Amino acid sequence: MASYPSLPILENATAFWLPALSDETGDIKRLKRTVSDGAFNDSSYSDSSNGSIARTNSTSSLNSLPRLHFRDHIWTYTQRYLAAEALEEAAAAIIGPTTENEESKGDGMKLVQQLISCAEAVACRDKSHASVLLSELRANALVFGSSFQRVASCFVQGLADRLALVQPLGTVGYVAPKMNIMDIASEKKEEALRLVYEICPHIQFGHFVANSSILEAFEGESLVHVMDLGMTLGLPNGHQWRGLIQSLAKRSGPPPRLRITAVGLCADRFRVIGDELETYAQSLGLYLEFSVVESSLEHLKPKDIKVLPGEVLVVNSILQLHCVVKESRGALNSVLQIIHELSPKVLVLVEQDSSHNGPFFLGRFMEALHYYSAIFDSLDAVLPKYDTKRAKMEQFYFAEEIKNIVSCEGPARVERHERVDQWRRRMSRAGFQPAPLKMFAQAKQWLKNINVCEGYTIVEEKGCLVLGWKSKPIVAASCWKC
């Protein structure tokens, strides 16, 4: 494995780095060395690191540090070794396929190393070193540069924000920013969301899978009800439901009576969308009743959702449930329990397929860097280098997600994306059973029909459908029943 200046290798006891982990919660597994045979065993402990950096020139001086034990150093180096491996793997995946020559590849590798070094300095609350690295990164991470330079610029913003919020060395704690992505977005964010919907297939893919599953659940029913969590981040015009209304209106026989209940805090925007949808449904001869439950998912109550006798209910969640995944898991479990009590015929779950909710900051950082590098690479294949549409999507949509993952902790960190395997475990624990999606051929044809650029793929994975870019998973769709 290559050696990186920012990732010291365990050759002697001359340098010990103890990164601050004040943003982590719960028990952490450490590697404990036994004196008798030098083997390593697992043991659990509660982290009590004070976040300081200790240096020594001999192993005997360790005895003068009562809080610092040899197993602390072993655990620290183990984490850094794993981080180095992740760096090498991610750098190869991010830079290798997209560079035109060895010089640009070397520049890309240097930029990756600078980003990781800066992330380490921020994690260690080393403001002086991090500030120097941030200055260098700002000069190299260009908003209109290569795809990796552009994604790096977003991570630089996140690191700068995080650095401004952490306490100096020797103190304990983390100052969390106050933010809520459910707040009504600015015009720029709304435009960026609209552009992502129109240009990238991510959200359209979720809508296609969801509507296909919902139509199957509504087959032969006369009274149908959709509970929509978040209304796809408040996407204007209600694109998903226009397609569903059109499909229901085209069915033979009397059209069903449709109810849509939007759940979220953007009540005024939801009502505007609802009025437009009711008018559209009426023009097609379909009765639609639209209502709004003004509540965050965390504070949703069973009484908020009214299900009529004989009504078939489905629940639609497009890029929403990850926002209620917290350290304790209580918030998500509460939401899933409420949904389970409503006994929907089907729950459609569409989420970003990446691990941005790990317990360690550097691990999350690397996962996010790999994930968003693939997305920015895909935008290169769709739009020209200096296209303002691409800049708007990158800076006002994807950059907002990146900054939340990188700079926020605690309740403020809402972009807690997880892999589809983790969602399977969470859903199963909540009492849901998988309803395998049997539309792989239709999904492949849909991808072909929308004339998206080459590079996007759809694969079937254990009953789920995953949209990816050059083998990198981007969005996963799954279906669940009670």
Side-chain angles (χ1 to χ4, degrees), residues 181-182 193 196-217 226-235 238-244 260 262-264 297 313-325 332 335-336 339 344-357 371 374-375 378 397-398 401 414-428 430 432 434-440 442-444 446-447 450 452 456-469 472-481:
I181 65 164
M182 296 304 293
L193 175 61
V196 169
Y197 176 79
E198 293 174 354
I199 296 173
C200 303
H202 311 168
I203 299 175
Q204 293 184 49
F205 166 75
H207 287 177
F208 166 78
V209 175
N211 280 3
S212 299
S213 301
I214 292 170
L215 285 170
E216 183 179 343
V226 176
M227 173 182 169
D228 189 359
L229 308 182
M231 288 287 288
T232 311
L233 308 177
L235 183 69
H239 292 288
Q240 178 179 4
W241 304 129
R242 286 177 179 266
L244 182 72
I260 297 178
V263 179
L297 296 184
L313 174 70
V314 300
V315 178
N316 183 72
S317 178
I318 308 292
L319 310 181
Q320 284 296 309
L321 281 184
H322 70 262
C323 296
V324 290
V325 175
L332 178 62
V335 174
L336 293 178
I339 295 174
K345 189 172 183 179
V346 70
L347 162 62
V348 181
L349 177 65
V350 178
E351 286 290 345
Q352 292 92 338
D353 189 16
S354 192
S355 181
H356 300 154
N357 193 37
Y371 177 81
I375 291 179
S378 71
Y397 182 79
F398 294 116
E401 292 185 348
V414 293
E415 299 295 346
R416 296 174 177 265
H417 311 144
E418 295 187 323
R419 295 197 184 279
V420 66
D421 284 339
Q422 179 65 17
W423 280 108
R424 286 193 190 96
R425 290 188 286 271
R426 291 189 182 277
M427 299 301 290
S428 297
F432 290 90
L437 294 168
K438 300 178 181 178
M439 58 182 79
F440 178 59
Q442 297 94 310
K444 297 266 288 186
W446 167 85
L447 186 62
I450 64 172
V452 71
Y456 282 104
T457 58
I458 292 179
V459 298
E460 188 174 15
E461 182 181 316
K462 298 179 182 178
C464 304
L465 291 180
V466 180
L467 175 74
W469 172 256
K472 174 64 179 175
I474 302 296
V475 176
S478 58
C479 206
W480 302 86
K481 59 185 179 181

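What you are looking at is a predicted structure, and each value in this text was computed from that prediction instead of being measured.
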Open item on the list: Can you tell me how far apart CZ (R424) and CD (E461) are? Round to the nearest 0.5 Å.
Closed with: 5.5 Å

Open item on the list: For H322, is there any backbone N or O sitting under 3.5 Å from a side-chain donor or acceptor partner on E351?
Closed with: yes

Open item on the list: With heavy-atom distances below 4.5 Å as the criterion, would you say the side chains of L321 and W423 are in contact?
Closed with: yes

Task: side-chain contact (heavy atoms from CB on, under 4.5 Å) between I375 and Q352, worked out - done: CA-CA 11 Å; I375 291 179; Q352 292 92 338; over 6 Å; no

Open item on the list: Does any part of the side chain of I318, heavy atoms only, come nearer than 4.5 Å to the side chain of M231, both counted from C-beta?
Closed with: no

- [ ] Could you check if a side-chain atom of E401 sits within less than 4.5 angstrom of a side-chain atom of H356, using non-hydrogen atoms only?
- [x] no

TODO: State whether a side-chain donor-acceptor pair under 3.5 Å links Q422 with N357.
DONE: no

Open item on the list: To the closest 0.5 Å, what do you measure between CZ (R416) and OG (S355)?
Closed with: 12.0 Å

Open item on the list: Measuring only between side-chain heavy atoms, which start at C-beta, is V420 closer than 4.5 Å to K462?
Closed with: no

Task: pair L244-I260: side-chain heavy atoms closer than 4.5 Å - done: no

Task: From NZ (K438) to CG (L465), nearest 0.5 Å - done: 12.5 Å

Open item on the list: I need the L297 CG to L336 CG distance, nearest 0.5 Å.
Closed with: 10.0 Å

Task: Donor-acceptor under 3.5 Å (K345 side chain, A217 main chain) - done: yes

Open item on the list: Tell me whether Y371 contacts the main-chain N or O of I474 through its side chain, where contact means a donor paired with an acceptor under 3.5 Å.
Closed with: yes

Task: Between CH2 on residue W241 and CD1 on residue I214, distance to nearest 0.5 Å - done: 4.0 Å

Task: L349 CG to S213 OG distance, which is reported to the nearest 0.5 Å - done: 11.5 Å

Task: N316 and Q240: CA distance, side-chain angles, deciding distance, side-chain hydrogen bond (donor to acceptor under 3.5 Å, both in side chains) verdict - done: CA-CA 10 Å; N316 183 72; Q240 178 179 4; 3.0 Å; yes

- [ ] Considering non-hydrogen atoms only, spot the tightest contact between C479 and V346 and give its length.
- [x] SG-CG2, 2.8 Å

TODO: Identify the two heavy atoms, one from L437 and one from E460, that lie closest to each other, and give their separation to 0.1 Å.
DONE: O-OE2, 3.4 Å

Task: Contact check, side chains of W480 and V315, non-hydrogen atoms, under 4.5 Å - done: no

- [ ] Evaluate the side-chain proximity of P201 to I450: yes if any heavy-atom separation is below 4.5 Å, no if none is.
- [x] yes

- [ ] Check step by step if side-chain contact (heavy atoms from CB on, under 4.5 Å) holds for Q320 and V263.
- [x] CA-CA 11 Å; Q320 284 296 309; V263 179; over 6 Å; no

Open item on the list: Could you report the tightest heavy-atom contact between P473 and V466, atom names first, then the distance?
Closed with: CB-CG1, 3.8 Å

Open item on the list: I need the minimum non-hydrogen distance between A477 and V209, along with the two atoms involved.
Closed with: CB-CG1, 3.7 Å

Open item on the list: Looking at every heavy atom in both P434 and K481, which two are closest together, and how far apart are they?
Closed with: O-CE, 4.1 Å

Open item on the list: Do Y456 and L467 make a side-chain contact, defined as non-hydrogen atoms from C-beta onward lying under 4.5 Å apart?
Closed with: yes

TODO: Can you see which heavy atom on F440 is nearest to which on I458, and at what distance?
DONE: CE1-O, 3.3 Å

